[in-house]
Amino acid sequence: MALSHYVTDTISPFLCAACHALAGYFAFPTSVSSNVLNSFPADDIAIQVARAAIGGVCMGSYPLNHHPARKAWEDLLDAWLDVRVVPAWLSSLLTVLFVASTVSTAVLVTDLGSVLHMIGGTAAAFMVFLLPGLLLMNAAIIKHTTTAAGDAAAHAASVTSSQPSAAAA
């Protein structure tokens with residue numbers, strides 16, 4: 001890999017993130033809210049535009065997140081209850097449940113920091129406790145299938161080499 005690719009792909013994003021982090025520390029040297037936009041004054045026009053842009057991004061990403069989530073539930077129903085074709089009423093029910101659960105969560109959770117703490121704790125627990133075991137199991141499966149395929153190929157080669165050829169007869 002050329003040095004220019006390394007700089008472009010690794011160092012540039014790191015420097016950009018570091019600049020954002022430093023700007024945040026300089027803007028809020030003592031304390032900051034878990035929702036950084038709440039730390040700015042409410043009458044600032046740029047912050048109002050930023051809040052509106054974040055709302056637009058959320059409204060645009062909502063259907064993109066909903067479709068695979070509903071499809072996953074439909075696949076689970078197919079696996080558990082052998083429902084090959086999901087009826088329209090069930091798809092509508094899953095949509096209503098998804099929208100109701102996400103809207104109720106958004107209304108009830110007022111501090112985004114608590115949500116991020118829970119996500120971070122869950123991800124950390126997964127990486128510390130589950131991921132090493134899953135990687136070990138995957139390595140064992142790969143080793144077993146590779147060994148079994150190698151043994152089968154070796155056995156097939158030994159069988160064909162031990163049989164007398166037609167030319168020798």
Side-chain angles (χ1 to χ4, degrees), residues 1-40 47 49-84 86 90-91 93-152:
M1 180 163 69
L3 182 62
S4 63
H5 290 290
Y6 181 74
V7 170
T8 304
D9 296 342
T10 306
I11 296 175
S12 297
F14 174 76
L15 290 176
C16 184
C19 288
H20 282 102
L22 287 174
Y25 283 123
F26 289 137
F28 306 105
T30 57
S31 66
V32 66
S33 172
S34 60
N35 183 354
V36 73
L37 292 177
N38 288 341
S39 299
F40 289 101
I47 298 303
V49 170
R51 288 181 178 134
I54 290 173
V57 167
C58 290
M59 288 183 352
S61 66
Y62 197 82
L64 296 174
N65 290 322
H66 170 259
H67 180 70
R70 186 182 66 203
K71 181 68 176 141
W73 278 106
E74 290 173 357
D75 290 344
L76 281 175
L77 287 173
D78 182 26
W80 290 342
L81 304 174
D82 198 30
V83 178
R84 297 278 181 224
V86 178
L90 186 55
S91 185
L93 177 67
L94 290 173
T95 300
V96 168
L97 288 174
F98 182 81
V99 170
S101 65
T102 54
V103 168
S104 62
T105 302
V107 169
L108 292 175
V109 176
T110 57
D111 185 18
L112 194 58
S114 60
V115 174
L116 294 176
H117 285 269
M118 188 161 68
I119 291 172
T122 305
F126 174 77
M127 287 189 290
V128 169
F129 296 115
L130 296 177
L131 192 60
L134 291 174
L135 291 173
L136 184 62
M137 286 177 19
N138 188 28
I141 290 170
I142 289 172
K143 182 179 179 182
H144 177 72
T145 55
T146 305
T147 305
D151 291 344

Interatomic distance, [X] atom [atom1] to [Y] atom [atom2] [nearest 0.5 angstrom]:
X: Leu131; Y: Leu136; atom1: CG; atom2: CG; result: 11.0 Å
X: Asn138; Y: Ile142; atom1: CG; atom2: CD1; result: 4.0 Å
X: Met59; Y: Ile54; atom1: CE; atom2: CD1; result: 13.5 Å
X: Asp75; Y: Arg70; atom1: CG; atom2: CZ; result: 11.5 Å

Taking all heavy atoms of [X] and all of [Y], pick out the closest pair and write down the distance.
X: Arg51; Y: Phe40; result: NH2-O, 4.1 Å
X: Glu74; Y: Ser91; result: OE2-OG, 3.5 Å
X: Leu64; Y: Pro68; result: O-CD, 2.9 Å

By side-chain contact (heavy atoms from CB on, under 4.5 Å) - contacts of Asp82 (at least two apart):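 Asp82 satisfies side-chain contact (heavy atoms from CB on, under 4.5 Å) with Asp78, Arg84 once adjacent residues are dropped.
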Minimum side-chain heavy-atom gap Leu90-Trp73 below 4.5 Å: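 Result no, sub-4.5 Å side-chain heavy-atom pair not found.
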